[in-house]
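Scroll down for the structure; my scribbles are underneath it.
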2 protein chains.
Amino acid sequence: MKDQSSKTLSSTQRAVRELRRMIVSGELAAGTDHLESELAQTLGMSRTPVREAALMLESRGLLEMRPRKGVRILPVSSEDMREIYDILTELESLAAQRAAEAGYSEQDLKVLERSIAQMDQAIETENLEAWAEADELFHQELVRLGRNHRIEAIVAMMSDQVRRARATTLFIRPLPVQSNEDHRAVLRAIQEGKANEARERHRQHRLQAKEVLCGILEKHRLNSL
Amino acid sequence: MKDQSSKTLSSTQRAVRELRRMIVSGELAAGTDHLESELAQTLGMSRTPVREAALMLESRGLLEMRPRKGVRILPVSSEDMREIYDILTELESLAAQRAAEAGYSEQDLKVLERSIAQMDQAIETENLEAWAEADELFHQELVRLGRNHRIEAIVAMMSDQVRRARATTLFIRPLPVQSNEDHRAVLRAIQEGKANEARERHRQHRLQAKEVLCGILEKHRLNSL
DNA sequence: GCATTCTTTAACGTATACGCAAATAAATGC
DNA sequence: GCATTTATTTGCGTATACGTTAAAGAATGC
């Protein structure tokens with residue numbers, strides 16, 4: 001049994017998790033307004049923990065609290081996407097560099113290897129959801145290996161903000177074949193301790209991903225996801 | 001009269017500002033605990049807005065809420081300092097690059113110029129507080145010119161976290177003469193539209209600042225500022 | 001009809017109330 | 001005296017209450 005399920009978590013914590021889930025899944029649609037009292041009723045608790053949760057999610061850039069109008073689920077534009085991908089590019093590249101400098105063993109890099117294998121398989125079977133999940137895992141693990149807690153937090157926050165948009169573009173974009181070659185190259189650089197190569201390779205990988213995704217958004221006029 | 005003072009701001013907002021001020025100024029010392037009810041009394045309001053403010057400041061990495069122990073003002077270690085400076089290095093360097101790419105006019109870059117002049121003067125008169133203020137202005141303006149709201153927010157947050165530590169090292173570190181040469185070089189690169197040079201120059205500037213400051217912290221065993 | 005003022009509603013911001021559980025103090029057993 | 005159990009306190013988490021005020025609706029004047 002997991003720590004989470006064994007421990008009784010507070011209403012505020014439940015509200016944060018549940019609202020976050022509803023937002024990133026699109027259950028609470030981008031651009032929609034929701035009164036605190038509505039959300040409280042939905043979650044089966046009073047306004048107090050809902051407000052506290054909303055404040056936290058506001059800090060994470062997922063929603064906005066506006067007096068009398070309720071909380072507004074923030075939509076993501078292609079401009080937002082560019083901002084976010086720029087940040088991810090810089091911080092993840094540094095993580096890749098640091099990971100390469102750390103001299104990790106093959107054992108330490110097992111999760112990275114596994115996620116790449118999963119992506120390979122997902123591409124073969126054209127299972128896009130599985131690919132997205134493995135891709136997320138790769139990037140998350142890469143950042144973890146960079147050993148900077150604040151970067152982990154920031155990247156997680158930015159990833160949450162673009163999750164809906166990513167899910168949408170997933171079925172429009174071409175099969176991410178190039179992407180996995182990049183992942184392999186980054187991993188190889190880390191294995192060989194080539195910090196600068198790991199950094200630059202990942203950098204290029206992210207820059208390209210940005211152009212692909214933002215290109216799709218702009219082409220399809222998807223400016224509020 | 002300023003907008004802020006004319007507009008009646010909510011208790012929560014007042015609590016955020018006041019608590020933030022007290023934390024970054026050291027009035028609420030690093031590592032100390034404070035009960036919600038105490039803070040509420042100090043600020044002349046009930047626990048509700050204090051709790052809301054504390055949640056927001058917790059998201060900003062300035063404090064930690066622990067049941068029964070009150071809010072704990074988070075101390076900053078040299079390890080934290082390294083994490084933060086690594087982030088500032090990456091994000092500000094990107095901002096410098098973007099600023100150079102934007103093709104700003106001399107007029108647009110006036111604030112940068114002025115802050116550099118202020119730093120020059122501060123160094124001549126050995127007025128360290130004035131130098132720190134101008135330095136803060138330079139970096140803030142640089143990031144603003146990078147035109148990425150999320151980077152602005154993240155940099156502001158990280159700056160808040162290290163503000164106390166910076167203030168401490170300010171009177172220990174050598175006069176930041178090299179620093180201002182760097183600033184000039186970055187500005188020149190931006191003026192000339194040399195994006196890569198602006199980026200790399202600022203990068204080196206920040207990396208060096210990190211080593212200077214962290215070196216001081218480690219040498220003096222200042223591991224909880 | 002349209003604009004304007006007044007009324008009403010309702011959502012939020014904040015204070016207050018209260019139960020629970022953790023920490024401390026007191027009491028009991030040995 | 002020391003360990004262990006039992007009271008007591010206290011701080012938080014959450015529900016609730018309530019005043020304020022912005023927005024919507026009704027009424028009035030022209």
Side-chain angles (χ1 to χ4, degrees), chain A residues 1-23 28-74, chain B residues 1-23 28-74:
Chain A
M1 188 180 274
K2 295 283 181 59
D3 292 1
Q4 306 169 0
S5 49
S6 63
K7 184 185 286 182
T8 32
L9 59 169
S10 73
S11 295
T12 301
Q13 287 171 305
R14 282 198 297 118
V16 168
R17 292 191 190 194
E18 195 60 12
L19 290 177
R20 174 190 166 279
R21 187 191 62 70
M22 293 167 88
I23 293 170
L28 291 177
T32 57
D33 293 332
H34 306 272
L35 297 179
E36 292 173 7
S37 44
E38 286 176 19
L39 295 175
Q41 189 153 24
T42 304
L43 300 177
M45 57 184 70
S46 78
R47 275 177 55 223
T48 308
V50 170
R51 264 184 77 82
E52 294 193 350
L55 285 167
M56 296 167 91
L57 295 172
E58 185 172 43
S59 299
R60 294 199 210 167
L62 290 181
L63 55 85
E64 185 187 19
M65 293 178 81
R66 295 179 309 174
R68 318 228 128 231
K69 304 203 158 185
V71 304
R72 172 180 160 82
I73 311 304
L74 287 178
Chain B
M1 187 180 275
K2 295 283 180 59
D3 291 2
Q4 305 170 2
S5 47
S6 63
K7 184 185 286 183
T8 33
L9 57 172
S10 72
S11 296
T12 301
Q13 287 171 307
R14 282 199 297 119
V16 168
R17 291 192 190 193
E18 194 59 11
L19 291 177
R20 174 190 166 280
R21 187 191 61 72
M22 293 168 88
I23 292 169
L28 291 177
T32 58
D33 293 331
H34 306 273
L35 297 180
E36 292 174 8
S37 43
E38 285 175 18
L39 295 174
Q41 189 152 23
T42 305
L43 300 178
M45 56 184 72
S46 78
R47 274 178 54 222
T48 308
V50 170
R51 262 184 77 82
E52 293 194 349
L55 284 167
M56 294 166 92
L57 295 172
E58 185 172 43
S59 299
R60 295 199 210 166
L62 290 180
L63 55 82
E64 183 186 22
M65 294 178 80
R66 296 178 310 174
R68 313 231 115 230
K69 303 206 159 182
V71 304
R72 173 180 158 82
I73 311 303
L74 287 179

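Here the structure is a predicted model, which means the values were calculated and not measured. Order of the sequence lines fixes the chain letters, A, B, ..., with proteins taken first and strands second; residue numbering starts at 1 for each chain. Just so you know, these numbers use all the heavy atoms, side chains as well, and skip hydrogens, waters and symmetry mates.
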(request) May I have the step-by-step check of side chain to side chain contact (heavy atoms under 4.5 Å, CB included) for Leu62(B) and Leu74(B), ending in yes or no? (result) CA-CA 6 Å; Leu62(B) 290 180; Leu74(B) 287 179; over 6 Å; no

(request) Please state how far atom CD in Glu36(B) lies from atom C1' in dT10(D), giving the value in whole angstrom units. (result) 13 Å

(message) Applying a 4.0 Å non-hydrogen cut-off, can you work out what Thr48(B) is touching in the nucleic acid: base, sugar-phosphate, or nothing?
(response) base

(request) Give a yes or no on whether the backbone of Met65(B) and the side-chain of Glu58(B) come within a donor-acceptor separation of less than 3.5 Å. (result) yes

(request) Assess whether atom CD of Glu38(A) is packed by more than 12 heavy atoms of other residues, nucleotides or ligands within 6.0 Å. (result) yes

(request) Whole angstrom is fine here: how far is it from CZ in Arg14(B) over to C1' in dT14(C)? (result) 11 Å

(message) Without decimals, in angstroms, what is the distance between Leu39(B) CG and dA15(C) P?
(response) 14 Å

(message) Rounding to an integer number of Å, can you tell me how far Gln41(B) CD sits from dT14(C) C1'?
(response) 17 Å

(request) Would you indicate, yes or no, if dT16(C) has its OP1 or OP2 atom less than 4.0 angstrom from a side-chain nitrogen or oxygen of Ser46(B)? (result) no

(message) Output the rounded distance in Å from CD (Glu52(A)) to P (dT14(C)).
(response) 14 Å

(request) Identify which one of Lys69(B), Arg66(B), Arg68(B), Arg47(B) satisfies the salt bridge (charged side-chain N to carboxylate O under 4.0 Å, His left out) criterion when paired with Glu36(B). (result) Arg47(B)

(request) Can you tell me the distance, in whole Å, between the CG atom of Leu35(A) and the P atom of dG13(C)? (result) 12 Å

(message) When you measure from the side-chain N and O atoms of Ser11(A) to the phosphate of dT14(D), is any distance below 4.0 Å, counting only OP1 and OP2?
(response) yes

(request) May I have the distance from Arg47(A) (atom CZ) to dA17(D) (atom P), rounded to whole angstrom? (result) 13 Å

(request) Evaluate side chain to side chain contact (heavy atoms under 4.5 Å, CB included) for Arg60(A) paired with Ile23(A), printing each intermediate quantity in order. (result) CA-CA 12 Å; Arg60(A) 294 199 210 167; Ile23(A) 293 170; over 6 Å; no

(request) State which of dA10(C), dG13(D), dG13(C) makes the closest approach to the side chain of Arg68(A). (result) dA10(C)

(request) In whole angstrom, give the distance that lies between atom CE of Met65(B) and atom P of dG11(D). (result) 14 Å

(message) Is the phosphate of dT14(C) approached by Thr12(B) (side-chain N or O, under 4.0 Å from OP1 or OP2)?
(response) yes

(request) On DNA chain D, check which nucleotide each of Lys69(A) and Arg66(B) is closest to and give me the residue with the more 5' one. (result) Arg66(B)

(request) With heavy atoms under 4.0 Å as the rule, sort Met45(B) into base, sugar-phosphate or nothing. (result) sugar-phosphate

